[in-house]
Each structure stands twice: as structure tokens, then as C-alpha cells.
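Nothing here was measured: the structure is a model prediction, and the numbers come from that model. Naming convention: chains lettered A, B, ... in sequence-line order (proteins, then strands); numbering from 1 in each chain.
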Amino acid sequence: MKLSSEEVNSIALESRLLLNEAELAGAVRYINNFLDMLDRFKELDLKDVEPFSFAEALECPLRDDTVIAFPDNEAILHESEHVDGSYFKVPRIMEE
Amino acid sequence: MAELTFTPVIGIEIHIRLKSDSKLFCSCSTDTDAAPNTNICPVCMGLPGTLPRLNHKVVEQGILAGLALNCGIRPKSLFFRKSYFYPDLPKGHQVSQCDLPITTSGYIEVHDAEGNLKKIRVHHLHLEEDVGSLHHSASDGRLEGADTSYVDYNRCGTPLAEIVSEPDVASAAEAVEYVMNLRRRVIYSGASDVELEKGMMRFDANVSMKCSDGRWGHKVEVKNMNSFKALERAIEFEIKRQKKLMLNGEDVIQETRHWNDAKGITSSSRVKENYRKFIVEPDLPPLHVTQEWIDRMKAKMPEMPDVKARRYVSEMKIPPEVADVLTDDKNLAAYFEACVAAGANPVRASHWVRTEVLRVMNEKQWKIADFNIKPEVLASLVARVDEGKISTTQGKEVFDYMTANNSGVDEAIKKLGITEGGVAGNALNDVIQTVLKNNPDVLEEIKSGKDTKGKKLKFLQGLVMKETKGQAKPQEVAEAIEKAVRN
Ligand SMILES: [Zn+2]
């Protein structure tokens, strides 16, 4: 599988990254090298192998449904420069 | 030439807010009405170095909701990060079980156009987190120009169940029955209160059209419906729009369209979602649900509302429309069943609950838990009316007296001066004689044969009924008067 530079560019835009020509070329090369490596796996017979996502047979830890309020939500608001009262401000989203 | 016909092919995606005190992956409160950005923490804000921790209760709610939709429960499910770049979700990805959901497939039954039961298959139900809410004006109502939106992350990370149907829905009416029935079942299961006015249930619909000439229109995803009415109108609009295009020989473009409730139209969405790709959430190992856990949840499941309604119809001979009303609310159904268990005739009791109990609840804005006539007390009242000890009209007076004064049946009957058993026989004849004595002119007219239309006779019957305070049987009164007049 190969990605075109247009495809890589639109992925970059989705991720809010603006790439110049050299950076785009570098990203295309990097991603396609990685995809080439994945292609090599296709040579193996993996019919009966379960998809692998975790290194160990971990259990998903569960917590009780208890409310513990975070003590300093002001600090979280201060993480942003764009705050009005207790709201975060973002560029206007146009919706119909 | 045969006329072209069109068959709508509709799939529905539903998001339901599951009931829990804390969020899906952090211990923040799920109270979305709190002051903006007060129920937030580093986890739901996606700050670096935090770890999500799954809420045990939400898993149970997901299992219950799944069971309510006749779904199987998967012993192993998995969370994914779905890329999502929009300011209402600060992480840049939504954590969702989209690719390995907690349930397998299920179904919900609806009635098709011919009134036959049909199954709408549910593809699956999965758990995921909700996003924050965007406001286009500040809390004080001030609009800061056209270039700013305000974000409140209180809702961000609250637990959702996404329910995806197969494209089995063939009309707007079926869609509405599907979502209404599904909502009732989920409420019965206890997984959610699904309060519509609080936005706890949101709908998207995939609509396409099949034409009798073999053409298939492309699928259009319609978003932004928050009520049954909006879902119905949006689907009807989209069916009409696509049909018109296809009749003109034009293509239906595959796209996402936005429902505008105020204008009553769908319009092409400008937001392009090209890369909704996902990876496994590395911070959440697979969720294992044991058979023992599933069995425990199954034991908690009450009888489902549509099953209950069908049982009322088949076992108790209750009219289907009454059975529907009684089973709409689990607690109301329990009240009715308690009346029956206390010995009330099911059909009579169902009418009393549906008309009188619901009327008082409505007038007083009560829930059934607030209703102050105990089911066994109502059963006793219903029985007395049933046995003819008091008339239906009197029964209603007794009922009103009991709710107004928190009294029992006997006390109400006594206070209202009602004679149980009614006025009949000699007592009735006494009343009739008094009435005849007080109206000699009327009696004379009847006897002389001038009352050809029986109007005067009816007049006398009315007077007797009034004298007996309605405690006599009209049929008996009519017969007794005729007899008395002839003598
Ligand atoms: Zn949180």
C-alpha cells in the first residue's frame, strides 16, 4: 500500500499540521516505508493468529461509580489562554 | 407502462446517555447542569500523563441495555481511539468500542404498514464517551461577535451507548416505533432514564431508496435529530427529496446532511469527515465479562414492556391500546398488577387506572409513587362497583374523595352518604310513589295517553334517579315507574 502526497497532506490537515514541501516529502517517505514494512507481514500465513493488541493478558481494571470532584478545575481553565468566565473560547464553529 | 415505486431503506444510529453518577473513565460527576466546566479533571480533559479507568457501573448499564435489545453479550470487548478533531473533545480522539463492541446483535419489534410484527435487527450496542457542549453565546447571553464559540466540558466523558440498527426500517413510522419501543425497553432495564428533554437520546439516520426499476440511490446520513418528531420529519423529508431526484433521473449523492428542525429541511453538511480512523486504546486492556456476570445481569432484567403489554392482552383480555398505556411506565404497570393481585377484575381495573388514576396524576403532576390510593384499596373500590354495590358514578365520587382526603373506601362511602347496595325494591318504590304524588299533572298526562313519545315518562325517571342520588339501576327504575303508572 502506498499513500500519495495528497493523501498524506490531507491527513496532516486533519491533524492540524501545515507541512512545507520538504516536510511533506519526508512524511510521505516515512509513512510509506512503514507501510512497506507492514506489507512484508502479508507474506506470512496468519490465518489462525488472533490480532495482537496487548503485550500481556491484562484485565481491564474497573473502578466503582463514585464521584470524586477534581479539586482545582480553575487550574485546568488556566491551562488555556482563551477563557471567558468559566468557558473555554474557541474559534466559532459554524453549524446550520 | 408501470408506475415506478420506491422503497425506503433506513438504518438508525442512536446515542443514549447511560445512568451513572460518575463519568466513563474518570470520577467527575455526570451532572451536566452544573456551572460550566466545574465537572472536569485532567483525565476527561485529555491532559498528558493521565490514565483512563473504566467505570464498573457503566459496563453493567451497557449489559442491561444490550439485554433489553435482545442482544448477546460478548465475553471480550475492546476500546479504540477514534480520531476526532473538533473542539468539543479536547483529546483529539473519542474512546469508543466501535470495532469490538460489548454486545452482539439483537432486535426490536415494530409493526409494519400492514400491522404485522416485524423485527428491526440491532447490529450491536457499544460503549463510548460523549463530547462537551458548544455554545454560541456566553452564559450571560452576550454574543461575542461571530468568531467565537464557548465550550463547556461538563458533558465530556459522560457514558453513552451507541446503538446501530441494520437497514431494516422501511418508513418514518417504523423508525419512530423502533426508537420509542427501544427507549421504553432501556428505561425498564434501568440502564438509563432516557429523558428526551435533557438530550439523553439523539438520532442519526441512514436513508437510501430502492426503485422498482432496479436503481439503488446512494446512502445519505442525516444527523442532528433530538426528538421523535424530528426523526420522523427528517426521514419523511429525506424520502421525498431522494424520490424526487430519482424520478428526475438524477443521482442521489452519498453525503452527510444536517437536519434543521426550525426550517424542516436537511441540508448538505459542510464538515468533511475523511479520516475517521481508529487504533486500539493502549491505556485500556480488553474488557472481559464472565458468564457469571452476564447471568447476574440477566436475573436483574424485568419483563419487557412490549412483552408485558402482549401478556395483558392475551391473558387478561385488556384492549391493546390500554395495555400500551399501562406498560408505558414500569411503576404504573406494577401498580396495575398489584390491583389485579388484590383481586380486582383486570379489565375493569385497567380502565380505572388508565382513566382515573392517570387523570389525577396528570392534574396533580404526580408520579405513580406519589399516588395516594393504594392498589389494594382501588381493587376494593373496583370490586364494589363491579358487584353493583355502588354505581360507577358513585365509584368515581368515592375515588375523588379518597385522593382528596387520603381516606379509605368505607370512610369515603360514609362521608358521601352513599347507601351500598343501591336503592331497589321497596325502597325504590317508596321514592317512586313520592315522586308521583308530587307531580300529579304529569301522571295525569301519561294516564290520559297524551305522552305518545314517552317524554313525560323519561322526565319522571330523571326525578327518581335524582332522588336516589343515582343509586338505582336505570333499567329497574324505568320498569318500576311504568308499573306504578299503570296501577
Ligand atoms: Zn473527569
Measure [X] against the heavy atoms of chain A and call it side chain, backbone, both or neither at under 4.5 Å.
X        : answer
B:Phe25  : backbone
B:Val59  : side chain
B:Leu24  : backbone
B:Ile279 : neither
B:Pro282 : backbone
B:Gln61  : neither

(request) Only counting residues at least two apart or in another chain, list the ones meeting side-chain hydrogen bond (donor to acceptor under 3.5 Å, both in side chains) with B:Thr266. (result) B:Glu238, B:Arg257
(message) Going by the rule side-chain hydrogen bond (donor to acceptor under 3.5 Å, both in side chains), which residues pair with A:Glu21 if we only count those two or more places apart in sequence or in a different chain?
(response) none
(request) State the OH-OG distance between A:Tyr87 and B:Ser149, to the nearest 0.5 angstrom. (result) 11.5 Å
(message) To the closest 0.5 Å, what do you measure between OG (A:Ser86) and CG (B:Asp152)?
(response) 7.5 Å
Examine distances only and state if a side-chain atom of [X] and a backbone atom of [Y] form a donor-acceptor pair shorter than 3.5 Å.
X       : Y       : answer
A:Asp65 : B:Asp21 : yes
B:Asn37 : A:Asn73 : no
A:Arg63 : B:Arg53 : yes

Counting only heavy atoms from other residues, nucleotides and ligands, does the tally under 6.0 Å from [atom1] of [X] exceed 12?
X       : atom1 : result
A:Leu13 : CG    : yes
A:Leu44 : CG    : yes
A:Asn20 : CG    : yes

(request) Sort by residue number and list every member of residues 74-83 of chain A having a non-hydrogen atom under 4.5 Å from chain B. (result) A:Ile76, A:Leu77
(message) To check you understand the geometry: which heavy-atom pair defines the closest contact between B:Thr148 and A:Arg92, and what is its length?
(response) N-CB, 3.5 Å
(message) Please find the pair of heavy atoms, one from B:Pro285 and one from A:Pro61, that lie closest to each other, and give the distance.
(response) CD-CD, 4.2 Å
(message) Under a 4.5 Å cutoff for heavy-atom pairs, which residue among B:Met45, B:His288, B:Lys23 has the most contacts with chain A?
(response) B:His288
(request) List for me each residue that meets side chain to side chain contact (heavy atoms under 4.5 Å, CB included) alongside B:Arg296, sequence neighbours excluded, and say none if there are none. (result) B:Glu60, B:Glu292, B:Trp293
(request) Kindly determine whether A:Val90 and B:Leu134 satisfy side chain to side chain contact (heavy atoms under 4.5 Å, CB included), including the steps that lead there. (result) CA-CA 9 Å; A:Val90 295; B:Leu134 287 167; 4.3 Å; yes
(message) Heavy-atom pairs under 4.5 Å with chain B: which of A:Thr66, A:Val67, A:Asp64 has the most?
(response) A:Val67
